[in-house]
Structure formats: structure tokens, C-alpha cells
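This is the structure I have questions about; it appears just below.
Only this structure's heavy atoms are used, side chains among them; waters, hydrogens and symmetry mates stay out.
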Amino acid sequence: MKVETYKITGWKEKETGLLVDENEDWILVKHIPVDYVIDGYKLYNKRYLKNRKTKAKEEKISRVLQLKNVQTKTPDTFKFNNVLQTLIWSEKKYGLFEFQDNETEVFYGTLNMAEEDTFIINMIKSNGKIEEEFDYEFSINDISIITFESDYFDSMRLLLKDEQTKEAKKNPLNIVK
């Protein structure tokens, strides 16, 4: 059981996680937002990692997680892939995806359109509604973190599902306006 802290290029804050698996491009961890708390999974794009370390702090966290019998199991059906395929996997499994291309903004959405190097999402707002006017184009190469199964992620998933249920009841024949 290995806990690591990651310094991401251009970010002020460091990220800590329990290492689950990695390949040549990605590191999959159970995210540790504070102390000994596990909150979902994060995939770190190695292209954006400036540094990764395991020192006394991380070893102490690891010891506590071992005492708590925390498992390092890979999520069902997960496999390492490129950014777009991972977002598609998340959307199929959970109904949405979450990613970051910078430290200050987190994006929730579903895929609207994808090209070779860019994609557009149907952005999900914090109330679970899809932002109709959102049409920002993201660069696939700028995605540094993909997250799933965190508490907030699950809350957004539930809100989105509830909004979709409400819409279906208002429009049972699914007539496009």
C-alpha cells in the first residue's frame, strides 16, 4: 500500500492519493483530500506531474489506511485509455464525467461532440441541470485530471438523474421543442 503526494505543473496545491495502478501515461489513485479520508478515484495525467513523493507524512497515512483495511481495488470495467475514451467510459458507467484542465475549475458533463484533438461537452451545472448555452471547446491535450466516484461526483450524478426524471415527466413523449 503506497500513498504518494503529487505536484502538478502550474498548480499551487499538491494532491495526495493511495496508489491503485498506473501505466505509462496515467496514475490511478484513491484520492485523499485530507488526513485519512478517501474520496473517490482520480486519474492523474503523467504529462502534468512535476513531482511525486512518498515521505514520512505519506507513510503515516499509508499506515492508517492499512489499519482501516482500505483496499486498492480498480473500479469495475475500468481500463487505462486515452482522455476521450476514459470520459466516454465514465459517462457510460455513471451518466457523466468530471475532469480538470486547470487547478481552479472542475467540469462536469456529457460528451456533445469530439474531434481529433478537441471536444465540447454538455456542461452540468451544480443544480444538476445542463447548461444549454455552454459551447466551450476543450483541448484533449490539456486534461490533467479525471475524477469519478467521489462524494461530490456522486451528488452531481444524482442531481442530473433527478433533473432528467423531472424533464421526462414533463415531456413523456420526449418531443423536441
>> Is a donor from one side chain sitting under 3.5 angstrom from an acceptor on the other, for Gln85 and Asn82?
In response: no

>> Here's a test for you: under side-chain contact (heavy atoms from CB on, under 4.5 Å), which of Ile32, Leu19, Thr54 qualifies with Val3?
In response: Ile32

> For atom NZ of Lys46, is the number of surrounding heavy atoms from other residues, nucleotides or ligands below 6.0 Å larger than 12?
Replying inline: yes

> Once you round to the nearest 0.5 Å, how far does CG of Leu65 lie from NZ of Lys30?
Replying inline: 9.5 Å

>> Quick check on the hydrophobic clustering: are Ile27 and Val70 connected, directly or via other members, by side-chain heavy-atom contacts under 4.5 Å?
In response: no

>> Show, in sequence, the C-alpha distance, side-chain angles and deciding distance for Lys55 and Glu58, and conclude whether the salt bridge (Lys or Arg N to Asp or Glu O under 4.0 Å) test is met.
In response: CA-CA 5 Å; Lys55 294 192 175 176; Glu58 291 80 13; over 6 Å; no

>> Checking the side chain of Asp101 only, and the main-chain atoms of Asp142 only, is there a donor and an acceptor separated by less than 3.5 Å?
In response: no

> Given the rule in the side-chain contact (heavy atoms from CB on, under 4.5 Å) test, do Glu4 and Val29 qualify, once you have shown the distances and angles that lead to the verdict?
Replying inline: CA-CA 9 Å; Glu4 295 182 321; Val29 303; 5.6 Å; no

>> Using modelled atom types and a 3.5 Å cut-off, is there a donor and acceptor pairing between side-chain atoms of Ser155 and backbone atoms of Asp151?
In response: yes

> Between NZ of Lys42 and OG of Ser150, what distance do you get to the nearest 0.5 Å?
Replying inline: 8.0 Å

> Going through the distances and angles, do Val64 and Asp35 end up as a side-chain contact (heavy atoms from CB on, under 4.5 Å)?
Replying inline: CA-CA 10 Å; Val64 170; Asp35 297 331; over 6 Å; no

>> Check for me whether the distance between the ring centres of Phe148 and Tyr41 falls short of 6.0 Å.
In response: yes

> To the nearest 0.5 Å, how far apart are OH in Tyr108 and CZ in Phe153?
Replying inline: 8.0 Å

> Where does the angle between the aromatic ring planes of Phe78 and Phe80 fall among parallel (under 30°), tilted (30 to 60°) and perpendicular (over 60°)?
Replying inline: perpendicular

> Looking at Lys53 and Lys14, what are the two nearest heavy atoms and their distance?
Replying inline: NZ-NZ, 4.5 Å

> With under 30° as parallel and over 60° as perpendicular, where do the rings of Phe138 and Phe119 fit, or are they tilted in between?
Replying inline: parallel

>> Test of understanding: clusters of I, L, V, M, F, W, Y form through side-chain heavy atoms closer than 4.5 Å, transitively. Do Leu49 and Trp26 belong to the same one?
In response: no

> Any side-chain heavy atom of Ile8 within less than 4.5 Å of one from Glu103?
Replying inline: no

> Backbone N or O of Ile130 within a donor-acceptor pair of the Glu163 side chain at under 3.5 Å?
Replying inline: no

> Under a 4.5 Å cut-off applied to non-hydrogen side-chain atoms, are Leu28 and Pro75 in contact?
Replying inline: yes

>> Looking only at side-chain N and O atoms, does Gln71 offer a donor or acceptor that is under 3.5 Å from a partner on Asn69?
In response: yes

>> Nearest 0.5 Å, please: how far is CD in Glu91 from CD in Glu98?
In response: 14.0 Å

> Given the rule that I, L, V, M, F, W and Y join up when any side-chain heavy atoms are under 4.5 Å apart, are Tyr136 and Phe107 in one cluster?
Replying inline: yes

> If you round to the nearest 0.5 Å, how far is CZ of Arg157 from CG of Leu96?
Replying inline: 8.0 Å

> In Å, rounded to the nearest 0.5 Å, how long is the span from CD1 of Ile140 to CZ of Phe99?
Replying inline: 10.5 Å

>> Restricting to non-hydrogen atoms, name the atom on Lys125 and the atom on Met156 that form the minimum distance, rounded to 0.1 Å.
In response: O-CE, 3.1 Å

>> With a 4.0 Å cut-off on N to O distance, would you call Glu167 and Lys170 a salt bridge?
In response: yes

> Quick one: do the Asn122 and Thr110 side chains pair a donor with an acceptor below 3.5 Å?
Replying inline: yes

> Do the side-chain N and O atoms of Glu149 and Tyr94 include a donor-acceptor pair separated by under 3.5 angstrom?
Replying inline: yes

> Considering residues, nucleotides and ligands other than Lys93, do more than 12 of their heavy atoms fall under 6.0 Å from its NZ?
Replying inline: yes

>> Could you walk me through whether Ile146 and Phe97 satisfy the side-chain contact (heavy atoms from CB on, under 4.5 Å) test, starting with their C-alpha distance in whole Å, then the side-chain angles of each, then the deciding distance to 0.1 Å, before giving a yes or no?
In response: CA-CA 8 Å; Ile146 299 173; Phe97 48 72; 5.7 Å; no

>> Can you tell whether the side chains of Glu22 and Arg52 come within less than 4.0 Å, N to carboxylate O?
In response: yes

> Are Leu43 and Ile145 co-members of a hydrophobic cluster defined by side-chain heavy atoms under 4.5 Å apart?
Replying inline: no

>> For Thr104 and Asn102, which I'm curious about, is there any donor-acceptor pair between the side chains at under 3.5 Å?
In response: yes

> Does any N or O in the side chain of Lys68 come within less than 3.5 Å of the main-chain N or O of Tyr36, such that one atom is a donor and the other an acceptor?
Replying inline: yes

